[in-house]
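Here is how names work: the chains are called A, B, and so on, in the same order as the sequence lines, proteins then strands, and each is numbered from 1.
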Number of protein chains: 2
Amino acid sequence: MEFFRFIVAQIINCSPEEWEGFAKQIRVQEFKKNVFLAEANRVPDEVFFIEKGLIRVLINDSKGTEQTFHFATEGQFIADYASYLRMQPAHYSLQALEDTRVVVIPRAAIDWGYAHMKQGEKLGRLVAEQYFSYHDDRIKQTFSLTPKERYHKIEEVFPGILNRIPQHMIASYLGISSVHLSRIKNQK
Amino acid sequence: MEFFRFIVAQIINCSPEEWEGFAKQIRVQEFKKNVFLAEANRVPDEVFFIEKGLIRVLINDSKGTEQTFHFATEGQFIADYASYLRMQPAHYSLQALEDTRVVVIPRAAIDWGYAHMKQGEKLGRLVAEQYFSYHDDRIKQTFSLTPKERYHKIEEVFPGILNRIPQHMIASYLGISSVHLSRIKNQK
DNA sequence: TAGCTTTCTAAACATTTGTTATCGTTTTCA
DNA sequence: TGAAAACGATAACAAATGTTTAGAAAGCTA
């Protein structure tokens, strides 16, 4: 939990009393490799903070194929946040790709933070802004770069990812087939 | 300005005194059709709220071609928000596609709101969350739908848009060529 | 109104990307 | 440890999408 405390302290001022009240409502949980932290079609009621490990966010397309939507690693928050906000059934599932330790932050804790922590709203704002900016970059890249160019930039966004996960997940993250990714890699 | 006041009041509680202090720092501005409200490569220092009209957000890809990234209409906030947040040169330009009236909200006003309005941070959070959710839907659709399916859903996101703007802008918003969009339309 | 520009469609052809199948290698796990 | 599964590369072919060009209709402007 110290890592999480450290990150929060980097974003906002949070008194020991505030932290104590908040920390009572959250918990640490471990997930083995390949286990799902959250599944599509359920209303998400918590946000995760990754202390260790690697999570992928996946969605089933209209043909029923699993598409990798996103990766998240140490120090990041992760959830089907849009569905969380709207209190609607999730479209995404979250899966641990390695043994992973997360802080589980239930909705009640988040709402408590907004109501009782001086900079709670600010924390929420900054996290949303950061997450938004990531998404914005993502869309921007799909507009302005070819799959090949995107592949060569992926390490900038997720350092070390190429050695941590299988290629077909990279391919679907890039929006292409794994065969095509294989081709791209061998084009020099 | 009343429309803007009305929308803000729908999102947060804002006392007359707070509004007065805030309103002093913002202004209304009109832009003729085809005029640019903001240009790429400049650090954005304001956010716009659209009271009337239609704005497109565009980006130049690596070949120098204009790509339509986004549309925004009455009642929405618009900016190259990621660049605004990072105080970095914008990647997007904003262009009025019709005669448009906006409320110009400078960075100073926004920061003033965070510092002096009780629910200022909350407003910022909710706007960021909303904008994030829109982006999330957008990426989700590009993953799970074909261009044809996306075309048929565009009116859900931007009601009436198909009759307001030329087809090549729709095409680049969908990520396809205008010729291909023409094909799709005539497939029944 | 006349002329110029933009817009949309269409056809032909080129390029990109997907699909399927195969094969050798690596990883997993019972 | 050994069998099964997953993985990555490759080839052949198919489908989707882009590019170029042309022409007719619509819109804009002097």
Side-chain angles (χ1 to χ4, degrees), chain A residues 31-36 53-54 56 58-68 71 95-100 141-155 160-188, chain B residues 31-36 54 56 58-68 71 95-99 141-155 160-188:
Chain A
F31 293 89
K32 287 280 174 198
K33 182 173 177 174
N34 292 330
V35 168
F36 283 81
L54 178 58
R56 81 162 168 148
L58 53 100
I59 185 173
N60 286 81
D61 66 17
S62 45
K63 295 181 195 164
T65 312
E66 270 185 6
Q67 300 287 346
T68 298
F71 302 107
Q95 183 184 30
L97 292 184
E98 304 173 351
D99 291 356
T100 295
Q141 289 208 350
T142 64
F143 263 93
S144 55
L145 301 179
T146 64
K148 186 174 179 177
E149 291 169 319
R150 274 179 272 147
Y151 171 72
H152 290 300
K153 290 215 167 191
I154 196 171
E155 286 268 354
I161 196 83
L162 297 184
N163 300 317
R164 275 171 98 173
I165 65 176
Q167 180 168 301
H168 65 90
M169 293 181 187
I170 302 284
S172 79
Y173 174 82
L174 294 173
I176 61 179
S177 69
S178 61
V179 175
H180 190 58
L181 177 53
S182 182
R183 272 195 289 245
I184 282 172
K185 283 170 62 177
N186 287 41
Q187 274 175 26
K188 190 211 75 43
Chain B
F31 294 89
K32 287 281 174 198
K33 181 173 178 176
N34 292 331
V35 168
F36 283 82
L54 177 58
R56 82 164 166 146
L58 53 100
I59 184 173
N60 285 81
D61 65 18
S62 44
K63 295 180 194 162
T65 312
E66 268 185 8
Q67 299 288 345
T68 297
F71 301 107
Q95 182 184 30
L97 293 184
E98 302 172 352
D99 292 355
Q141 288 207 352
T142 65
F143 264 93
S144 54
L145 301 179
T146 64
K148 186 173 177 178
E149 290 169 320
R150 273 178 272 146
Y151 170 72
H152 289 300
K153 289 213 167 191
I154 198 172
E155 286 267 356
I161 197 82
L162 297 184
N163 300 318
R164 274 172 99 172
I165 65 176
Q167 180 169 298
H168 66 90
M169 295 182 186
I170 302 284
S172 78
Y173 174 81
L174 294 173
I176 61 179
S177 68
S178 62
V179 175
H180 191 58
L181 177 53
S182 182
R183 271 195 288 248
I184 282 172
K185 283 169 61 177
N186 287 42
Q187 275 174 27
K188 192 213 73 42

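The shortest distance between the side-chain N/O atoms of B/K148 and the OP1/OP2 oxygens of D/dT17 is not below 4.0 Å. A close approach under 4.0 Å does occur between a side-chain nitrogen or oxygen of A/K185 and OP1 or OP2 of D/dA9. Regarding contacts with the backbone of D/dC7, a side-chain N or O of A/H168 is found under 4.0 angstrom from either OP1 or OP2.
Taking atom CG on A/N163 and atom P on C/dT27, their separation rounds to 12 Å, with Å as the unit. Rounded to a whole Å, the CG atom of B/L181 is 14 Å from the P atom of D/dT19. The NZ-P distance, from B/K32 to D/dT29, rounds to 12 Å in whole Å. In this structure, A/Q187 places its CD atom 14 Å from P of C/dT15, rounding to the nearest Å. In this entry the distance linking OH of B/Y151 with C1' of C/dC8 reads 12 Å, nearest Å. Rounded to whole Å, the distance from CD1 on B/I184 to C1' on D/dG18 is 12 Å. Residue A/L145 contributes atom CG, which lies 13 Å from atom P of C/dT17 at whole-angstrom precision. Protein atom CD of A/E98 is 12 Å distant from nucleotide atom P of C/dT28, rounded to whole Å.
In terms of heavy atoms, A/Q167 sits closest to A/L181 at CG-CD2, 3.5 Å.
Residue B/H180 places its side chain closer to D/dG18 than to any other of D/dA9, D/dT20, D/dG18. Looking at the side chain of A/P147, the nearest of the listed nucleotides D/dA11, C/dC8, C/dT17 is C/dT17. Of the candidates C/dT28, C/dG18, C/dA11, the closest approach to any side-chain atom of B/V179 belongs to C/dA11. In the set D/dG18, D/dG8, C/dG18, the nucleotide with an atom closest to the side chain of A/P166 is D/dG8. Listed nucleotides: C/dG18, C/dA11, D/dG18. Nearest to the side chain of A/S177: C/dG18. Residue B/Q167 has its side chain nearest to C/dT9 when only D/dG18, D/dA11, C/dT9 are considered.
For a distance-only test at 3.5 Å, the side chain of B/R183 qualifies as a donor-acceptor partner of the base of D/dG18.
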>> Before you tell me yes or no, could you show the steps for B/L162 and B/Y151 under side-chain contact (heavy atoms from CB on, under 4.5 Å), namely the whole-Å CA-CA distance, both residues' side-chain angles and the distance that decides it to 0.1 Å?
In response: CA-CA 10 Å; B/L162 297 184; B/Y151 170 72; 3.8 Å; yes
> Can you check side-chain hydrogen bond (donor to acceptor under 3.5 Å, both in side chains) on A/K148 and A/Q187, steps first, answer last?
Replying inline: CA-CA 9 Å; A/K148 186 174 179 177; A/Q187 274 175 26; 3.0 Å; yes
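Atoms OG1 and CD, on A/T68 and A/E66 in that order, are 7.0 Å from each other to the nearest 0.5 Å. In this structure, the separation between CD1 on A/I184 and CD1 on A/I176 is 4.0 Å, given to the nearest 0.5 Å.
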